[in-house]
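The structure appears right after this line, and notes come after that.
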Amino acid sequence: MAPNIMKPPGRWEFLRPAIDTLPVNMAILDAEGTVVLTNRAWREFARANGEEDDPEMIGENYLEIAEAAGDPTATRAADGIRALLRGEREQFELDYPCHAPGQERWFLMWAASFTDGGDRYVTVAHVDITARKARERALERQRDELRQLQRLNTLVREVTQALQDTTTRDTIERAVCEHLTESDLYRAVWIGTWGETPTGTQTVVPQAAAGVDESSLDGGSENGPAERALRTDEVQIINDIAAAETLPDEHRERALARDLSALAAVPLTTGEARYGVLVVYASQGDAIGVREQEILADLGQSIALAIQRVHSQRSLAAETVVALDLRLPDSDCVLGTVSAALDCELVLDRRVSRSDGDAIYYLGVHGATPTQACERLTAAPSVTEGSVVREATDGQPALLEIQLDATLRCPLAVLTDYGASITSERAVEGDLFLSVELPPEVNVGSVLDALREVAPDVRLVSKQHVDRPTKTVPEIRAQIRDELTPKQEATLKAAYARGYYSWPRDSTMEELAGTFDVSAPTLHYRMRRAHRTVMKALFDDEYGNGNA
């Protein structure tokens, strides 16, 4: 005789209050898979999901309902319960999704069989594991992100290493694009700089690219994020190209057709000088997170420093340079304000960079006493130290030494960041006059834009390409020997051979003087003259005329 399935067997009535206290959805099925008992949590869940008429589901066949769903997960659940009812296993578990509108939910179905009065039954419990799933997915995302960052760090180190051997800006840009696209982190990469359209408006013009057809970048594609990166010195991110309103339709469609979903526009900046923008594209489904943005920003700075290095080297060795004459009227830099206050002229003799970032300036003074000029200069907030090196003589002007705070930007510091060689600088009654030489590949417009940030009224007086002779090492040696007297050359050779320049010294001045049978003061004077000749050939040639 079949059991009455319309209500629980009387001997189980005492179980109802007990199972109603359980916080999980629970039901008992008979040997046919029919529901014979449910608890309060089961009924409340059923009501919440639209089962208002019969939330208890007593008499309904659980297996038939599962199979009617036509879902592979529901079929697996039904198969597992049948195996329990046949006695083939004692327990069955299954994770499955049960999403509601606007909410992701996950449950664990736990089932076990038992017998009562010779009949086999199955207890089925559904446990909400949404929070656990969320934690697991968050941990997996963190692991994926960590693996991604480790690979990116390795890639950045490889790129930085490759940049150490580059000698031109073109090779730097090509090396960066090729290295980044050779990995599977980025599908396409390009580097651009400021340029002009045929109508004269400024835009970002691609200079190098990999993983993308350069012809498709005409007009400075992705100008929105690329331009913002250049103007703000901050990384710009688009993690959903499909929804990005800042991209023109044709650029968005082209990116989506190549399965690209995210991009980062990274400024190439040292923090003081801008050299362009790096744009990288991630594959569909990938997002560019905060930590990745930080790594890309560091890479952008490394690229900028590499470009700055080759610009400086090219400026010193280039056969053809771009010579600029600049005027800064009524300059508010310290040299301009002091020259205006004292009605004098301050002429830069030399600029020396220190390891702490500060710079030492040696200034000739005309039309004022060196003490007056030094007091005025050291009173300025931008000057950290100052002293009089020498008073004026018949043959030379007075010379000052001042140190400028590296945190305060001045025109000379900006030009030096762009690899410029300063051939002269004069401050005359408040106006500043600069003559500089730039490597031919440096964008003069970018340099002027950077200068206007610290000196808005800067004027370009003249610009011309000039040939500057370069000297080989043998030529420099020949020049030095031509300027040394025979006695000076002999003194330096002997001092070097005897270890006078070692540390600690292998010979003293007195011992060297004995070698030449002269007094120590005489030899010391001869050696100082020789040293000056060598230093003059080394440092004055570096700047062309020795004025800076």
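- Two residues are said to be in side-chain contact when any heavy atoms from C-beta on lie closer than 4.5 Å; I58 and V36 fail this criterion.
- Between E32 and R82 there is no salt bridge, since no side-chain nitrogen of the basic residue lies less than 4.0 Å from a carboxylate oxygen of the acidic one.
- Residue T130 holds its OG1 atom at 7.5 Å from CZ of R105, rounded to the nearest 0.5 Å.
- Looking at heavy atoms from C-beta onward, S421 lies out of side-chain contact with V436 at the 4.5 angstrom threshold.
- At a threshold of 4.0 Å, the pair K133-D95 counts as salt-bridged, since one of the basic side-chain nitrogens sits closer than that to a carboxylate oxygen.
- Salt-bridge annotation for D79 and R76: absent, with no side-chain N of the basic residue lying under 4.0 Å from a carboxylate O of the acidic one.
- Nearest heavy atoms, A74 versus A69: CB-CB, 4.1 Å.
- Put simply, the side chain of L415 reaches to within 4.5 Å of the side chain of L451, judged on heavy atoms.
- A donor-acceptor pair is defined here as one N or O able to donate and one able to accept, closer than 3.5 Å; no such pair exists between the side chain of T38 and the backbone of R43.
- Side-chain contact between D457 and L328 is absent, with no heavy-atom pair separated by less than 4.5 Å.
- Here E182 pairs with nothing under the salt bridge (Lys or Arg N to Asp or Glu O under 4.0 Å) rule; sequence neighbours left out.
- Of all heavy-atom pairs between P267 and A229, the closest is CB-O, 3.5 Å.
- A donor-acceptor pair is defined here as one N or O able to donate and one able to accept, closer than 3.5 Å; such a pair exists between the side chain of R274 and the backbone of L230.
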Derivation of the side chain to side chain contact (heavy atoms under 4.5 Å, CB included) call for Q403 and Y361: CA-CA 6 Å; Q403 294 184 26; Y361 291 78; over 6 Å; no
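- Contact record, T270 with Q308: CG2-NE2, 3.8 Å, taken as the closest heavy-atom pair.
- Atom-to-atom distance recorded for T193:OG1 and L268:CG is 9.5 Å, nearest 0.5 angstrom.
- Between the CG atom of L326 and the CG atom of L432 there is a distance of 9.0 Å, given to the nearest 0.5 Å.
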Please test L163 against V176 for side chain to side chain contact (heavy atoms under 4.5 Å, CB included), starting from the C-alpha separation and ending with a verdict. CA-CA 8 Å; L163 297 184; V176 169; 3.9 Å; yes
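- Shown here for V124 and A111, the closest heavy-atom pair between the two residues is CG2-CB, 4.3 Å.
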Using a 3.5 Å cut-off and no angle test, enumerate the donor-acceptor pairs between side-chain atoms of residues 292-307 and protein atoms at least two apart in sequence or in another chain.
from	atom 1	to	atom 2	distance (Å)
E292	OE2	Y186	OH	2.5
E294	OE1	R291	NH1	2.9
S302	OG	D298	O	3.2

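- Summarising the geometry, atom CZ belonging to R120 is positioned 6.5 Å from atom OG1 belonging to T115; distances are rounded to the nearest 0.5 Å.
- Taking the side chain as every heavy atom from C-beta outward, L84 and E88 never approach each other to under 4.5 Å.
- Residues F92 and W110 fail the side-chain proximity criterion, which asks for heavy atoms closer than 4.5 Å.
- Contact annotation: the side chain of V189 never approaches that of V279 to less than 4.5 Å [non-hydrogen atoms, C-beta and beyond].
- A salt bridge links E136 with R132: the distance from a Lys NZ or Arg NE/NH1/NH2 to an Asp or Glu carboxylate oxygen falls below 4.0 Å.
- The heavy-atom pair separating P17 from T21 by the smallest distance is O-CG2, 3.3 Å.
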Report the C-alpha distance between L404 and T384 in whole Å, list the side-chain angles of each, state the deciding distance to 0.1 Å, and finish with yes or no for side chain to side chain contact (heavy atoms under 4.5 Å, CB included). CA-CA 6 Å; L404 292 186; T384 57; over 6 Å; no
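- Side chain of R89 to backbone of Q91: a donor-acceptor contact under 3.5 angstrom is found.
- The backbone N or O of L180 sits less than 3.5 Å from a side-chain atom of S183, completing a donor-acceptor pair.
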For side chain to side chain contact (heavy atoms under 4.5 Å, CB included), just list the numbers for H126 and Y96, CA-CA rounded to whole Å, side-chain angles, deciding distance to a tenth of an Å, and then say yes or no. CA-CA 10 Å; H126 295 267; Y96 66 95; 2.7 Å; yes
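- Paired with V266 under the rule side-chain contact (heavy atoms from CB on, under 4.5 Å), one option of V277, I191, L278 passes, and it is L278.
- Salt bridge absent: D233 and R228 never bring a charged side-chain N and a carboxylate O closer than 4.0 Å.
- Tested against L29 for a side-chain contact (heavy atoms from CB on, under 4.5 Å), the candidates L37, N61, T123, I81 yield a single pass: I81.
- To the nearest 0.5 angstrom, E104 atom CD is 12.0 Å from C98 atom SG.
- In this structure, OG1 on T75 lies 6.5 Å from CD on E67, to the nearest 0.5 angstrom.
- Y62 places none of its side-chain heavy atoms less than 4.5 Å from the side chain of V122.
- Using a distance-only test at 3.5 Å, with no hydrogens or angles considered, a donor-acceptor pair links the side chain of N39 to the main chain of I19.
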